[in-house]
Number of protein chains: 2
Amino acid sequence: MRILIVEDEPTLGQQLKTTLEQTGYAVDLSVDGEDGHFMGSTEEYDAVILDLGLPEIDGLTVLGMWRKEGKTFPVLVLTARDSWSDKVAGLDAGADDYLAKPFQTEELIARLRALIRRSTGNATSELIAGKVRLDTRSGRVTLDGEPVKLTAQEYKLLSYLMHHKGKVVSRTELIEHIYDQDFDRDSNTIEVFVTRIRKKLGADVITTIRGLGYSLDDPADAPRG
Amino acid sequence: MRILIVEDEPTLGQQLKTTLEQTGYAVDLSVDGEDGHFMGSTEEYDAVILDLGLPEIDGLTVLGMWRKEGKTFPVLVLTARDSWSDKVAGLDAGADDYLAKPFQTEELIARLRALIRRSTGNATSELIAGKVRLDTRSGRVTLDGEPVKLTAQEYKLLSYLMHHKGKVVSRTELIEHIYDQDFDRDSNTIEVFVTRIRKKLGADVITTIRGLGYSLDDPADAPRG
DNA sequence: CCTCGACGATCAGGATACGCATGCATGTTC
DNA sequence: GAACATGCATGCGTATCCTGATCGTCGAGG
């Protein structure tokens, strides 16, 4: 899962970036509205954290531009002001949630998790596909109830696939969503990690669709449509 | 749009109901967890407003039951408590948003709007022709609900035909849209793939119009209504 | 109704691109 | 500095694709 943070205060921004990366997200950080808008328009994000009090361009303006462009990623708005009218304005401008500063980092993470879960159409924080379970809260993965140790990248890859269960995900899409910008797209790392995940969870977990990408299917919601 | 309110405090509940009705929603009001759960399970709602501090059954429990039953309507949780851990628990239990009491009615409405907008925003990009369904988002094809495995080229060909359902598509047109430039036009690959698709999906899916090309028709919108 | 020409369908073999697995060098973490 | 994670390069096996030949079918005209 890849996140964009648009925050003009360098300390807070960098701190958020670090925390989120430790949580298992790929994070890009932008420090002003113009650059932030550009990033959000050109790159693929699963969620955006947007500070309203930006220099140059106002956060709400940026948000409005994205929505006009048809961008649908969920946006979590940060506001220093504690007036509910601002919140209402933010929500109506297309924000999906907001958080007033100062806030607990845990709460930010929980809200982010909920946003991504919701935007990918999942009802709970525990993703299940056959014998494999992935708890987005604890970041744990189990196979037949047995805990499985995954590395950071393996987890990111699996998590993205499980969030998009049943969908055919191209290699490019995977690269765009588990790495932050500046990554060699002509590389076979995705294949390598798919191999490693299969070794740990079984070969049948991830299906290859030749020429298109990969797909993670749940035997439970198979046929019988 | 139809809303369910589960709120044990009669005054607040009734007031909310009135306000939302004036805003243009159809509103059902339930005053305890058990009844609320029943309503949510049996009726069709576009969103639910759920108070956590309920008598009898706890709000979080009700929410958990709905999610287990596969209910996906967006849920806005109301909580009197202002501890972020409760909020985190609520979000992770499957809530889509929460609001701490006391709150401004305007804010509630704005959040509700945002929730519904998001949950209905995902128009299904599914192409249907008779027994065949092709989901462009997930890249999957089903026949009578049974998933069918197509190769990349087969998928491209079928996809193009389904996008132009009912139209007669020439072989040249197919080649131009399936292959990038510079492809031997005097080749019979199209015929080969049509054959393969027919083998997988049935001979009647693709109709041959001799001398002109192919056409994919939906019995549903056949000539003569 | 039959014949014939033209077009489309089908089949099978070889070429190729694709994905898999493994080893190794470089980074990162404790 | 050791253990581990990551990403790149290589060689290999195979599903997939294209080609070309043959077979089948449609439809018009005799």
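All values derive from a computational prediction rather than experimental measurement. Protein chains get the first letters and strands the later ones, always in sequence-line order, with residue 1 at the start of each.
Between B:K199 and C:dA9 there is no side-chain N or O to OP1 or OP2 distance below 4.0 Å.
Direction change of the helix axis from one end of the helix from C:dC1-D:dG30 to C:dC30-D:dG1 to the other is 40°, with five pairs defining each end axis (rounded to 10°).
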Show each protein N/O and nucleotides 7-9 of chain D N/O combination with a separation under 3.5 Å, one pair to a line.
from  : atom 1 : to     : atom 2 : distance (Å)
D:dG7 : OP2    : A:Q153 : NE2    : 3.4
D:dG7 : OP2    : A:Y179 : OH     : 2.9
D:dG7 : O6     : A:R196 : NH2    : 2.9
D:dC8 : OP2    : A:S187 : OG     : 2.6
D:dA9 : N6     : A:N188 : ND2    : 3.1

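Here C:dG19 presents its P atom at 12 Å from CG of A:L174, a figure rounded to the nearest Å. Between the P atom of C:dT10 and the CD1 atom of B:I190 lies a distance of 15 Å, rounded to the nearest Å.
We find that A:R2 and A:E43 are joined by a salt bridge, their nearest charged nitrogen and carboxylate oxygen being less than 4.0 Å apart. Under 4.0 Å is where a charged nitrogen must lie from a carboxylate oxygen, and between A:R198 and A:E154 no such pair does. A:K101 and A:D51 are joined by a salt bridge, as a carboxylate oxygen and a charged side-chain nitrogen come within less than 4.0 angstrom of each other.
With sequence neighbours left out, A:K71 forms a side chain to side chain donor-acceptor pair (under 3.5 Å) with no residue at all.
Contacts of B:K149 with the nucleic acid, taken as non-hydrogen atoms under 4.0 Å apart, are absent.
Residues from residues 154-163 of chain B that place a heavy atom under 4.0 Å from any atom of DNA chain C: there are none. Listed by residue number, A:T208, A:R210, A:G211, A:Y214 are the residues of residues 202-214 of chain A with a heavy-atom contact under 4.0 Å to DNA chain C.
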Treat primed atoms plus P, OP1 and OP2 as sugar-phosphate and everything else as base, then score nucleotides 25-30 of chain C 5' to 3': B for base contact with protein heavy atoms under 4.0 Å, S for sugar-phosphate contact only, - for none. ------
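With contacts defined as side-chain heavy-atom distances shorter than 4.5 Å, the pair A:K68/A:L63 does not qualify.
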